[in-house]
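Chain letters run A, B, ... following the sequence lines, proteins first, then strands; residues in each count from 1.
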Amino acid sequence: MVREFQAIVMAGGRGSRMTELTAGRPKCLLPIGNKPMVWYPLQLLERTGIKDTILVVVEQVRSEVQSALEPCGLKIRLDIVSIPAAEDWGTADTLRFLSDRIKSDVLIVSCDMVTDMNLHPVLDVFRKHSAGIVALFFHPQPSDASSVTPGPKTKQKPERDLVGLDTETSRLVFLASISDFDDTVSMPRRLLRKHPNISMFSQLTDAHFYVIRKWVVDYLAYEKSFSTLKGETIPYIVKKQSSRHNTSRKYDDTNASLVDDDRKDLFHFAQEGTLLHMIRELSSYNDHTGDMKPVYHGDPIRCYAFLAPSDKFGIRANTVAAYCDINRRIKQRWDSVTGSCELSPIHPTSNIKSTQIDDLCIVGEQSSIAGKTSIKSCNIGAHCQIEPRVRLTQCILMNGVKIQEGCVLSNCVLCDEVEVGNNSELKDCLVGSHHTVAAAAKHASEVLTDVNRLMEI
Amino acid sequence: MSRKGPKGGKGPTEALKKEDLVQAVVIADSFKGGFHPITYSVPTALIPVVNTPLLDYTLQCLALSSVQEVVLFCSSHADLIKEHIKQSKWNELTSSMVVTVIVSETCRSLGDAMRDLDAKALIRSDFILVSGDMVGNLNLLPILDYHRKMQKQDMGAVMTMVYKEAGPGHCSRSVEDEAVLAADSSTGRVLAYHKMKTATKKIGIPLETYVDRPRVELRYDLQDTHVAICSAAVPPLFSDNFDFQTRDDFVRGLLMNEEILASTIYWYRLDGAQYSAHVSNWQMYQAVSRDIIYRWVYPFVPDSPFLWDVEPYMFLRHNVYKQKSVTLGKNCFLEEDIVIAENTSVGENSHISHSVIGKNCHIGKNVTICNSYVWDNVTVGDNCHINFTLVGHQSKLGTGVRLSKGCVLCPGVVLPLDTHLEGSILVASSEQNKESLEQDEAYKLEKLADKAYCLHVDQAEYDCEAEGRAQHLCGLWLGTSGLDSKSDSEEDLSASSEMSDHASPVPDDIHLFFSEVMDSLTRGYDDKLHPDNLILEINSSRYAYNVSVREVNYFVVKALLSLPIQAQSADSGLKYVMEFSKMLRDLFPILQNYVRNSDAQDDCLQALEDMAASTDTVCEGLLKLLHLLYDKDILGEDAILKWYNSDDKSSTAAALRKQVAPFIKWLEEADEESDESQSD
């Protein structure tokens, strides 16, 4: 049976915006709460009613991902596909690679999306307008002004997009990265004539959740020059909507042969069935008023955007800042993000003697926390050992971290197998995996890692 | 400046302080030639729309919004306007609104008027700025309150512009006011304002407009009502900046020098039930007249007694409005959408539809009047046919006159019997237009009868900014305005190809004209004369040989194209194009001057085609030439594509089109590709 949608979770990214953390483990397995990151989009798909999904990972970590997801209790059937790491494939390359397996329209989800959105309205927009692409955008999340991102204070310039939507229909009419412009943003007049009321957004987060019609995949399989979806393919298709050819309903083949080489363009792929045209002609529905143009101006390519309601939570954990932020919030938002999935913050096999551990903490299996410690708002992974007289505030400890007596850590991220020596004081630090922090060391706002490890990336 | 003080502290006497008065400034002159040449005898503000002068609509609308004081600013025909106010109800003691007339003969723009107001210190607080040709039923007080609210939030708020929603293709959308407004969605603050001309293909908005604001609206579906609420700071701003002439200058200047002037502008969206329009040209005249007849502007409808001194009309079936004293002959047929004022008689078997007829008119027998506007005291002889025409006061049409396709008859024209005219502008005497002749050499008079002179308007020379302005000058906008410029120019194209077909054996005069243009250009280019002087020269030879505008366009382009051929070096297509672009460095203003609307673009393409057909080098370089002219914004893509798609049977034409096919293909994808190249 062919399903309406095939889901693809893109987890082959290497976390290039957070290399300090991804040196030791693949990005998609970084813990958020007590689950690996990739678990969140998977359970979201599961709750949306998707029965099986393709999970794309890099070849080397395939088994690691598989074993990490096994204990999570997902009912969704996973088809883990590995892609060669050496090739450095973008998302469009990956789709091209998968094109043989794609038989229907596609949902593309990134592994770093954490949201409490219900996806059905997004799918409904896709169905309602028989759109080519529907993209999901989040409003910027109100951020904690007080929270400091661990690591050196770099002014990371966020990669922002300029997104233009038709205010009435939410049609996505303009999409470009702000860094593409120097000074002025020019817009063809034709576009404004078609969409006379455009809302431009500059602070939205692209959720990297796309609903894509099958012809786009066919086009990608044919046109090999695209490498990424977000950077190249989608802006291109959005732009093509206003192209002149777009208005011609039937592509004239005789006309095409006049063109020097008979390369197919986007419109060959985007043709709609005659039945759909007939339905539309008989219907009195029109998406715009004012001119005498047919519904959708007769465009076969239509891109829509779905703007998440502003009270909804949505984030992409693709930077250190966003990653730390979601870890801080996840426990408060657990119910809405996971649909009331059981949390069990303190793993039964853990051994906690501390009396000062607050409600916002999560402790993984077989971790031991000695008495006379104070743990506040921390996320502690599996097999960690915390010795007496340790104070931890707002820290993320991955697996196998050892913290010796008398340490004071606040707002730090400690990767796998980190050891922290006696009486160290760390504030706003990132500690790379397998690193050992010397005893009585004092660091603030630093990245502590073995240099050669970082070089590997 | 704020009207509201602490509640308890206000005594009844304080409440009557002068600051509490709502003031309005009405500029009774459009300072534009939208109704030229009728405005040489009638001021814009007194042009009757559905038999009521425009100014009365404006003042009545202000009165309904409880405006207490109006400053009426007049420059041309100030005496007529003064007289009109004197006789109106505003001059009576019972009038709730005081109208003060200020005359400034030297005033040539809105900016001058504001500077004058500033000098006279007449403005005390926020005021409503309206032009005297506003028709609307909008309530201004909520807008005034909105403006004051904005001022509380933002000290720099000086102006709130009022817009109503009318998407592209809306019939009451004025072609003069094609503009894109970028505004902050949450505050309504105007961030960028981009007025568009015909050939504008792209709208560039500064990036900084978008960043740091969560949401910015780009609106192309707005119609400027030319109503604005201004702070008292506006007149001084005009005084400080002498280059502000129009309101557009003001808006642009404020947005550009935001930091220096520390002033901001907001916009207000008029809700759908309220109507406001700015009657600035014939197209709007027609649209507004219809809106009034269709009762969109209620209570400003002919059958309501808003006009104190006029007996109300009867409102009959099929939107026929007629006064009691109207006499209708036997078998006379009033179809629909008609207004007929008092003491008018219509003869037997006459047929009237979609028209407005003034008072004391005599319409003869067997007359057909459709889609026309007849002002007061007009006599129409028997068997006349009037279609899409405006007939001014006191005009007389003899028997069997046929007027159609947008004729405009200025007041007092007398047409002899059996005159047939299409799209002409007629004035009553040559004296009347002396002033205009001095002002602008673009007008020529041709005598038809004692009291009928046909006015020829040189479209190319007329300093028109907006698309289709030339068509307005030719008369009434025909029918509903085209959905977009495409449909208009499609007709133009067919006209142009007809023209070039018929003109194949070049008449002698035209031949001479061409050689003279060639001489001028060659000499001018060699001696490095100023292009303006060359344009003058070309224009004078044009009058000498009586050449039509479109022919001028055609031949000037042809001459420009011929110039590089004379240069010996241009022996290949590539060299030719190089030579041509080198030459354009000096002569570009000439090309710009002549090729400025879609008609001219068609002529330009025709010239290119003919040159390419006759000269090999041009033919070789045709593709590059097209590209060059496109890049320089001489040719629009619409024009090029239409030329490309026009059917021409001859084999050379087909070959030429084949040759430029790559460019056309590129053009069709131009938007995408040029954007991409920019981003790279």
- Query: So which of A:L165, A:L191, A:L162 has the biggest tally of heavy-atom pairs under 4.5 Å with chain B?
  - Reply: A:L162
- Task: Nearest 0.5 Å please: distance from the CG atom of B:L218 over to the CZ atom of A:F174.
- Result: 9.0 Å
- Between A:R193 and B:E178, does a salt bridge (charged side-chain N to carboxylate O under 4.0 Å, His left out) hold up when you go through it step by step? CA-CA 11 Å; A:R193 214 180 274 151; B:E178 291 273 300; 5.9 Å; no
- Query: Any donor-acceptor pair under 3.5 Å linking the side chain of A:S202 with the backbone of B:Y210?
  - Reply: yes
- Nearest-0.5 Å distance that lies between atom CZ in B:R219 and atom CG in A:L192: 11.5 Å
- Task: Might you confirm whether atom NZ of B:K195 has over 12 heavy atoms from other residues, nucleotides or ligands at distances under 6.0 Å?
- Result: yes
- Applying the side-chain contact (heavy atoms from CB on, under 4.5 Å) test to B:Y220, which of A:K194, A:H195, A:R189 qualifies? A:R189
- Item | B:E217 CD to A:T167 OG1 distance, which is reported to the nearest 0.5 Å | 5.5 Å
- If you measure from CG on B:L207 to CG on A:D183, what distance do you get to the nearest 0.5 Å? 7.5 Å
- How far apart are the closest heavy atoms of B:K202 and A:S186, and which atoms are they? CD-OG, 3.8 Å
- Item | Rounded distance [0.5 Å steps], CD in A:Q203 versus CZ in B:R215 | 12.5 Å
- Query: Between A:I178 and chain B, which part of the residue has a heavy atom less than 4.5 Å away: side chain, backbone, both or neither?
  - Reply: both
- Query: Hey, which of B:T209, B:I203, B:D221 has the most heavy atom pairs under 4.5 Å with chain A?
  - Reply: B:I203
- Message: Please check if the number of heavy atoms outside B:W267 that lie under 6.0 Å from its CH2 is greater than 12.
- Response: yes
